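Take a look at the structure below.
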2 protein chains.
Amino acid sequence: MRGARLRKKSNQNTKDYHHGNLRDALLKETLKLLKKKNPTELSLRDLARRIGVSHGAPYRHFPSLNALLAALAEEGFHIFADFLSLNRSEQQQSEPLPRFRQMAFEFVRFSLQFPIHFRLMFTQVVVDHEEFEDLKQAGETAFRILADSVGNLQAQGILRVHDPIVTSVFIWSSLHGFCSLLLDQRLGFLDIDENKVDTIIEAFYQNMMDGLAVVK
Amino acid sequence: MRGARLRKKSNQNTKDYHHGNLRDALLKETLKLLKKKNPTELSLRDLARRIGVSHGAPYRHFPSLNALLAALAEEGFHIFADFLSLNRSEQQQSEPLPRFRQMAFEFVRFSLQFPIHFRLMFTQVVVDHEEFEDLKQAGETAFRILADSVGNLQAQGILRVHDPIVTSVFIWSSLHGFCSLLLDQRLGFLDIDENKVDTIIEAFYQNMMDGLAVVK
DNA sequence: CTTTTCATGTTGATATTGTCTACATAAGGA
DNA sequence: TCCTTATGTAGACAATATCAACATGAAAAG
């Protein structure tokens with residue numbers, strides 16, 4: 001499972017017997033199917049059939065469907081960390097506060113660009129994080145990117161001083177919750193279109209920063 | 001499915017053939033099993049076996065396992081609405097703002113008292129809300145309790161004036177996200193115990209109300 | 001009181017799946 | 001060249017979802 005990553009120089013002219021890139025093919029096919037189906041509706045046998053290998057083949061790469069989904073979730077967290085680090089932005093803000101603002105926006109942007117990953121990443125029910133150590137690590141790494149940023153901003157007196165972890169949990173939760181509801185279309189009655197999303201994120205950010213109360 | 005609710009005066013001295021209360025028994029047994037298992041690990045046949053009926057019996061009440069879970073989620077939203085209305089509190093605050101504060105706390109309290117329901121309610125992956133109209137309705141009803149309250153507070157100048165729906169989404173998201181992470185033990189590294197939960201909710205509430213920024 | 005109807009439960013059959021074991025193939029190192 | 005090992009195949013078994021045909025009894029209809 002570990003050596004699988006640096007396996008095979010992808011013998012493109014796929015011979016009959018060995019697929020050559022089954023692991024990746026499984027991940028891609030799963031991603032493709034998840035656009036139309038729930039994880040519950042997937043099966044390893046069906047995946048194998050679609051790819052054109054025998055029903056036993058997938059087990060050489062993943063012990064279970066859950067493990068496969070966990071791999072996708074982990075991949076998601078790595079990409080997510082990239083977003084939060086602003087590595088995926090065309091232009092990065094340089095000042096601390098604008099950078100923080102950008103991070104919040106990137107959070108949501110990730111969820112919209114990688115909705116399937118996002119759902120897998122934050123759905124305990126499908127993938128038990130405790131069961132997959134690497135996945136758990138990847139998640140915590142991403143969180144710490146936010147937490148470190150918050151800590152710095154608090155130290156610089158730009159954000160109110162609280163336990164930075166608690167504050168980060170607040171931010172993480174808010175954004176995570178918002179994205180979840182967005183993706184699950186649980187906010188369908190809001191009739192959100194592309195433009196309005198930015199407006200709502202903006203309102204969100206303002207709420208986070210300025211609070212709801214009139215008087216302090 | 002509709003008549004099933006006002007079915008049968010629960011013939012307690014259960015005869016051999018008819019169970020008499022299978023629908024409720026299925027819901028209860030499922031709830032019991034979900035304390036130790038993921039929804040994915042359940043099966044209708046297993047449920048039937050545990051209750052002592054044949055493997056076909058459950059289909060008379062639920063067309064699928066998902067429908068059964070949807071029923072539980074719907075039940076959850078009804079209870080949730082009760083919490084948000086403060087009907088479950090021993091003593092209700094009378095002033096608007098304390099009432100609002102209490103509502104926020106009740107939100108989290110519900111998630112801790114009904115974690116299984118909560119997870120089902122907010123997990124699109126397991127139960128597709130679009131597929132179950134009643135469930136969707138119940139969810140929106142609960143949301144509107146919050147939204148109405150927010151609208152009033154804004155009208156009274158107690159909360160900053162925004163689109164009340166957008167503000168409600170912010171609150172709902174924050175609390176929902178927080179609870180999700182709590183229940184999924186994704187915040188395990190915080191080492192949360194009973195007392196600390198209240199402290200964190202408190203911090204949460206303050207953050208929501210006062211915002212993160214130093215200057216407004 | 002008798003008959004009929006219908007919701008509820010049973011039984012059996014079929015297709016699909018997860019999972020295990022034994023075997024086949026090929027690619028690379030000794 | 002031979003051997004080891006990763007990868008894929010084939011077959012078997014138990015469990016499941018799902019459907020259809022049938023059984024039962026409670027309540028309505030007469």
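Residue numbers begin at 1 in each chain, while the letters A, B, ... track the order of the sequences. All heavy atoms count here, side chains included; hydrogens, waters and symmetry mates do not. None of these values were measured; they are calculated from a predicted model.
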Can you identify which nucleotide, out of [options], has its nearest atom closest to the [X] side chain?
{"X": "B:Ser54", "options": "D:dT18, C:dT11, C:dT17", "answer": "C:dT11"}
{"X": "A:Arg60", "options": "D:dA17, D:dG8, C:dT10", "answer": "D:dG8"}
{"X": "A:Asp46", "options": "C:dT17, D:dG8, C:dT10", "answer": "C:dT17"}
{"X": "B:Ser43", "options": "D:dT16, D:dT18, C:dT10", "answer": "D:dT16"}

Inset, instruction - If the plane angle is over 60° it's perpendicular, under 30° parallel, otherwise tilted; pick one for A:Phe110 and A:Phe80. - result: tilted
Inset, instruction - Look at the aromatic rings of B:Phe122 and B:Phe77 and report parallel, tilted or perpendicular, splitting at 30° and 60°. - result: perpendicular
Legend entry - Side-chain N or O of B:Arg49 closer than 4.0 Å to phosphate OP1/OP2 of D:dA15: no
Inset, instruction - Ignoring backbone atoms, establish whether A:Tyr59 has a side-chain N or O less than 4.0 Å from OP1 or OP2 of C:dT19. - result: yes
Atom [atom1] of [X] to atom [atom2] of [N]: distance rounded to whole Å?
{"X": "A:Leu65", "N": "D:dT16", "atom1": "CG", "atom2": "P", "result": "18 Å"}
{"X": "B:Asn21", "N": "C:dT8", "atom1": "CG", "atom2": "P", "result": "11 Å"}
{"X": "B:Phe62", "N": "C:dT8", "atom1": "CZ", "atom2": "C1'", "result": "14 Å"}
{"X": "B:Leu47", "N": "D:dT16", "atom1": "CG", "atom2": "P", "result": "10 Å"}
{"X": "B:Glu41", "N": "C:dT19", "atom1": "CD", "atom2": "P", "result": "11 Å"}
{"X": "B:Leu22", "N": "C:dT10", "atom1": "CG", "atom2": "C1'", "result": "12 Å"}
{"X": "B:Asp24", "N": "C:dT8", "atom1": "CG", "atom2": "P", "result": "12 Å"}
{"X": "A:Leu69", "N": "C:dG18", "atom1": "CG", "atom2": "C1'", "result": "15 Å"}

Inset, instruction - Measure from NZ or CZ of B:Arg109 to the centre of the six-membered ring of B:Phe83, then state whether that distance is under 6.0 Å and the direction lies within 45° of the axis. - result: no
Legend entry - Within the 6.0 Å centroid threshold, strictly below: B:Phe170 and A:Tyr205: no
Inset, instruction - Answer with yes or no whether A:His55 presents, from its side chain, a donor or acceptor under 3.5 Å of a partner atom in the base of D:dG11. - result: yes
Legend entry - Distance-only donor-acceptor test, A:Arg45 side-chain atoms vs C:dT19 base atoms, 3.5 Å: yes
Legend entry - B:Val169 and B:Phe143, any side-chain heavy atoms less than 4.5 Å apart: yes
Inset, instruction - Identify whether any heavy atom of A:Leu44 sits under 4.0 Å from a base atom; if not, whether one sits that close to sugar-phosphate; answer base, sugar-phosphate or nothing. - result: sugar-phosphate
